[in-house]
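The structure under discussion appears below in the form of structure tokens.
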Amino acid sequence: MRFLLIIPTVFILVTTVFVLMRATGDPITAALGGRLTPDQLAERIHAAGYDRPVVVQYWEYLTGIFRGDFGTTLSDNRPVTEILTEYGAATLELTAYAVVVALVVGIPLGMLAASFRDRWPDAVLRVGAILAYATPVFFAGLLLKLVFSVGLGWFPVAGRVSTSGEIEMAKADADSGFMLVDAFATGDPEVVGDVLRHAALPSIALGLLTAGVFLRLVRTNMIGTLGTEYVDAARSRGVRETRLVRAHAWRPALIPIITVVGMQVAMLLVGAVLTETTFEWRGLGFQLSEYLQARDFVAVQGIVVLMAVVVAATNFLVDVIAALVDPRVRY
């Protein structure tokens, strides 16, 4: 039943995006107005069918999506599906890195904060969580670049891999779109390290956005778990507090994390636009900003719709996993 809700959700999002994109007029006038003569502009509008009724355009757009046709970009005359295929892997890879950073940072620090409840380590970690969540991702990215790239020179300033790494991948005929997978395909540890160094700062900048949420959530749930009867019974038997946290309290506290991951994916995809622009990470977020500047609404429409589908599908998968982990959850 839950799966069927994806269809109306995506339909509403597609409709909303279509209406908003048409609110300022036809895409060709928005993208090319002022650069073409009125006659040329009218000819392009007619050829693309944007002078027809909006209802007709909307129906053709819906049927095109069902066929896997998202249209053709106005600025570089490329099929939108080609853009989605070429750059989608980069955004998914960055989002996966960010989730790993969020889990590795947020969960242990949340457990630590719960163990030191209402003492100074807890206060410091709570303030840090608020700062991580509230700091704009582009600002965090710029600070990381200034300190660790420009200042210390530990990490590359931008990009996904160095030129030498690209050459090695080309030799190995590795072109999956996922840089880490392609790096392993070369069999060269230096190429793998090169990819990870390029991914480090963007992943941290984007991952800290969600790490703060995980930290506070784990802390709150662990405090609740540490106050339950079975934990009190273990404590009365002389079980040390550190063992209580490791053996009894942390697993129940992680269940809410699973349900929150789905919501955080949407935030990470939004943050990916700014992160990719800051680090010149050529994914869908970077391309989205480029097409927005070019006022290429056809491309923008396709990218936003794809992101909406990914978010809806991720939320469904998270609901299924949550139901498997916790039998009390039913949809």
Any side-chain heavy-atom pair from S203 and V100 closer than 4.5 angstrom?
no
For G207 versus A102, what's the shortest heavy-atom pair and its separation?
O-CB, 3.6 Å
Check for a donor-acceptor pair, side chain of D194 on one end and backbone N or O of S162 on the other, with a separation under 3.5 Å.
yes
Between the side chain of K145 and the main-chain N/O of F155, is any donor-acceptor distance below 3.5 Å?
no
Walk me through whether F138 and T277 qualify under side chain to side chain contact (heavy atoms under 4.5 Å, CB included).
CA-CA 8 Å; F138 70 89; T277 304; over 6 Å; no
Write down the atom of V191, the atom of A183, and the distance for their closest heavy-atom approach.
CG1-CB, 3.8 Å
Drop me the distance from E280's CD to H198's NE2, to the nearest 0.5 angstrom.
10.5 Å
Approximate separation, where rounding is to 0.5 Å, of L209 CG and I204 CD1
14.0 Å
Kindly compute the distance separating CZ (R126) from CG (L131), expressed to the nearest 0.5 Å.
13.5 Å
Mind checking whether L146 and L144 sit in one hydrophobic cluster, side chains of I, L, V, M, F, W, Y counted as touching below 4.5 Å?
no
Grab the two heavy atoms, one from S149 and one from P156, that are nearest each other, plus how far apart they are.
OG-O, 3.1 Å
Hey, does the side chain of T91 reach the backbone of L284 with a donor-acceptor pair shorter than 3.5 angstrom?
yes
Side chain to side chain, R219 and D122, heavy atoms closer than 4.5 Å
yes
Work out which heavy atom in A129 is nearest to a heavy atom in L215; give both atom names and the distance.
CB-CD2, 4.0 Å
Quick one: are Y58 and T15 in side-chain contact, heavy atoms under 4.5 Å?
yes
Step by step, work out the side chain to side chain contact (heavy atoms under 4.5 Å, CB included) result for Y291 and T73.
CA-CA 9 Å; Y291 285 126; T73 62; 4.0 Å; yes
Validation row: L92, F178 side chains within 4.5 angstrom (heavy atoms):
yes
Going through the checks in order, is the salt bridge (Lys or Arg N to Asp or Glu O under 4.0 Å) test met by R160 and E93?
CA-CA 11 Å; R160 297 178 64 196; E93 186 174 22; 2.6 Å; yes
Are L152 and L201 co-members of a hydrophobic cluster defined by side-chain heavy atoms under 4.5 Å apart?
yes
Nearest-0.5 Å distance, OG1 of residue T81 to CD of residue E86:
11.0 Å
Plane angle bin for W281 and Y97 - parallel if under 30°, tilted between 30 and 60°, otherwise perpendicular
perpendicular
Counting only heavy atoms from other residues, nucleotides and ligands, does the tally under 6.0 Å from CD of E190 exceed 12?
no
Identify whether V124 and I107 are in the same connected component of the hydrophobic contact network (ILVMFWY, side-chain heavy atoms under 4.5 Å).
no
Smallest heavy-atom separation, V80 atom then G302 atom, equals CG1-CA, 3.9 Å
Test log, rule side chain to side chain contact (heavy atoms under 4.5 Å, CB included), inputs T210 and V99
CA-CA 8 Å; T210 303; V99 170; over 6 Å; no
Residue pair E276 / F286: nearest heavy atoms and the distance that separates them
OE1-N, 2.7 Å
Do L208 and W154 land in one hydrophobic cluster if side-chain heavy atoms of ILVMFWY residues count as linked below 4.5 Å?
yes
Connected via hydrophobic side-chain network under 4.5 Å: V104 and L206
no
Verdict with reasoning, T63 to W59, per side chain to side chain contact (heavy atoms under 4.5 Å, CB included):
CA-CA 6 Å; T63 55; W59 174 252; 3.6 Å; yes
